Amino acid sequence: MKKSVFLGALTIAGLAAGVAAAGTLDDVKARGKLNCGVTTGLVGFAAPDANGEWKGFDVAVCRAVAAAVLNDPTAVEFVPTTGKTRFTALASGEIDLLARNTTWTFSRDVDLKFEFVGVNYYDGQGFMVPKSLGVSSAKELDGATVCIQTGTTTELNLADYFRKNNISYEPVPIETSAEGAQQYLAGACDTYTTDASGLASLRASFENPGDHVILPEIISKEPLAPLVRHGDNEWADVARWTLNALIAAEELGVTSANVNDMAAEAGNSPEINRLLGTEGNLGEMMGLDAKWAVRAIAAGGNYGEIFEKNIGENTPIGLARGLNAQWTDGGLLYAPPFR
């Protein structure tokens, strides 16, 4: 689900440099709306519900930023993007922020001129097969047909993995998750490969999820991260520290239920006071008011609340925290100090 840098690198880089100079924070404030790029539909991460309202783990990042900047978590225009269109949409200024299960890589950061503002989900590429196939390891997939989204890092990872293990495969190219699920269920491919979180989301959408197995191998590092254009540091700071606020809030015990009460009166924790604007001037440093983080946390909760509500073990997606646990619980989540 992650576009490579094969197409239009120079064009994208040029677009990004030109648009970034405009000052996205001022543009968003003047427009009164955040244009946020999301996937075309991945349940649990970003998908419209029966009423057409966008919900999900990545959607919550967009809403938190809108709440911080505009005092309104609903002031978001969600722009569906594919693996092939997402980077052009960001570089051209069609969207202000891309929050779409996109892997942070060297070439995307440096060559395509984007700024990844922090990892919101540590993932890795996996494989899903029908239980009836009788396969228990990806190394047993020699000669398999593989549904793979074109123009993604998953394509490169797949080629590397099969080559390293001296096994062959036949790719079945797809454009979107929905098309991939359709092809896989129709038997057009033996296995579907993408981020393990994406596989869990797709499996949860199937009529009989128990008929499908996610194999144990994780063949890559996929740090999924929201991103903005290079060169617009003020806007990057807003997006980065909004994400950090959600992560820090969980560690500090600040939730959607208690954040307004905690912000109403300074407590004994200096860091919580600075985060919630009862001490210091962190909001002012970013061109926002003192309660930016309060609004971001109130919009959908802290990181843990967002995770559990959208993709956690008690949802159909059923993902354990794993690497996405707080550093204090043995995970990789770690927000820099608010000071």
Side-chain angles (χ1 to χ4, degrees), residues 1-2 36 38-39 42-47 55-65 97-105 108-109 116-128 152-154 157 177 193-205 214-227 239-256 275 293 296-297 299-338:
M1 298 190 181
K2 300 159 290 290
C36 204
V38 290
T39 182
L42 190 64
V43 175
F45 285 87
K55 299 281 181 68
F57 182 79
D58 288 330
V59 165
V61 173
C62 303
R63 295 201 185 280
V65 172
L97 171 70
L98 181 63
R100 183 203 179 281
N101 55 327
T102 297
T103 302
W104 187 348
T105 69
R108 290 170 176 179
D109 192 316
F116 290 83
V117 301
V119 177
N120 71 328
Y121 192 92
Y122 291 93
D123 211 343
Q125 185 173 335
F127 296 88
M128 179 167 60
T152 63
T153 59
T154 51
N157 296 333
S177 295
T193 185
T194 188
D195 299 337
S197 64
L199 295 176
S201 173
L202 284 174
R203 184 172 65 171
S205 71
I214 297 175
L215 299 177
E217 286 85 1
I218 298 295
I219 68 168
S220 69
K221 291 187 296 185
E222 306 293 335
L224 307 182
L227 57 154
R240 175 179 299 110
W241 285 97
T242 299
L243 176 59
N244 283 333
L246 302 180
I247 294 170
E250 182 185 19
E251 180 187 345
L252 297 169
V254 182
T255 70
S256 56
L275 173 66
I297 297 161
N302 63 36
Y303 181 93
E305 290 179 276
I306 292 167
F307 190 105
E308 293 309 320
K309 177 182 178 182
N310 292 290
I311 57 177
E313 290 182 293
N314 294 320
T315 70
I317 315 302
L319 294 172
R321 288 291 292 267
L323 295 177
N324 297 291
Q326 289 281 340
W327 67 285
T328 47
D329 295 323
L332 297 178
L333 280 196
Y334 187 108
F338 280 77

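The structure presented is a predicted model; accordingly, all values stated were derived computationally and were not measured.
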Exercise. Quick one: closest heavy-atom pair of Asn324 and Phe307, and the distance?
Key: CB-CE1, 4.1 Å

Quiz item: To the nearest 0.5 Å, how far apart are CG in Asp58 and SG in Cys36?
Solution: 8.5 Å

Exercise. Kindly determine whether Leu319 and Ser197 satisfy side chain to side chain contact (heavy atoms under 4.5 Å, CB included), including the steps that lead there.
Key: CA-CA 7 Å; Leu319 294 172; Ser197 64; 3.9 Å; yes

Quiz item: What about Tyr121 and Tyr303, are their ring centers closer than 6.0 Å?
Solution: no

Exercise. Say whether, by atom type as modelled, one donor and one acceptor occur between the side chain of Asp329 and the main chain of Ala325 under 3.5 angstrom.
Key: no

Quiz item: Can you tell me how far the CD1 atom of Ile214 sits from the CG atom of Leu199, to the nearest 0.5 Å?
Solution: 5.0 Å

Quiz prompt | Ala225 versus Phe116, closest heavy-atom pair with distance | solution = CB-CD2, 3.7 Å

Quiz item: Is the closest side-chain heavy-atom distance between Ile247 and Gln326 below 4.5 Å?
Solution: yes

Exercise. Mind running side chain to side chain contact (heavy atoms under 4.5 Å, CB included) on Thr102 and Leu224 for me, showing each step along the way?
Key: CA-CA 5 Å; Thr102 297; Leu224 307 182; 6.0 Å; no

Self-check item: Inter-residue atom distance Thr194.OG1 - Leu42.CG, 0.5 Å rounding
Solution: 8.0 Å

Quiz item: Looking only at heavy atoms, what is the nearest atom pair of Gly301 and Leu246, with distance?
Solution: O-CD2, 3.7 Å

Exercise. Fit a plane to each ring of Phe57 and Phe45, take the angle between them on a 0 to 90° scale, and name the class: parallel (under 30°), tilted (30 to 60°) or perpendicular (over 60°).
Key: perpendicular

Exercise. Inspect the surroundings of CG in Asn314 and state if more than 12 heavy atoms from other residues, nucleotides or ligands are less than 6.0 Å away.
Key: no

Quiz item: Side chains of Ser220 and Glu222: is there a donor and an acceptor less than 3.5 Å apart?
Solution: yes

Self-check item: Spacing of Asn120 atom CG and Leu333 atom CG [to the nearest 0.5 Å]
Solution: 9.5 Å

Quiz prompt | Interatomic distance, Arg100 atom CZ to Cys62 atom SG [nearest 0.5 angstrom] | solution = 12.0 Å

Quiz prompt | Minimal non-hydrogen separation, Val43 against Ile317, with atom names | solution = O-CD1, 3.5 Å

Self-check item: Closest approach of Val119 to Pro223 (non-hydrogen atoms, all atoms of both residues)
Solution: CG2-CB, 3.8 Å

Quiz prompt | Heavy-atom side-chain proximity of Val117 to Asn244 below 4.5 angstrom | solution = no

Quiz item: Looking at Leu243 and Gly118, what are the two nearest heavy atoms and their distance?
Solution: CD2-O, 3.4 Å

Quiz item: Got a second to check how far Ser177's OG is from Leu202's CG, nearest 0.5 Å?
Solution: 5.5 Å

Self-check item: Donor-acceptor contact present, side-chain Glu305 to main-chain Ser256, <3.5 Å
Solution: yes

Quiz item: Cut-off 3.5 Å, side chains only: do Asn302 and Glu251 have a donor facing an acceptor?
Solution: no

Quiz item: Only one of Thr154, Thr153, Asp195, Thr193 forms a side chain to side chain donor-acceptor pair (under 3.5 Å) with Gln125, so which one is it?
Solution: Thr193

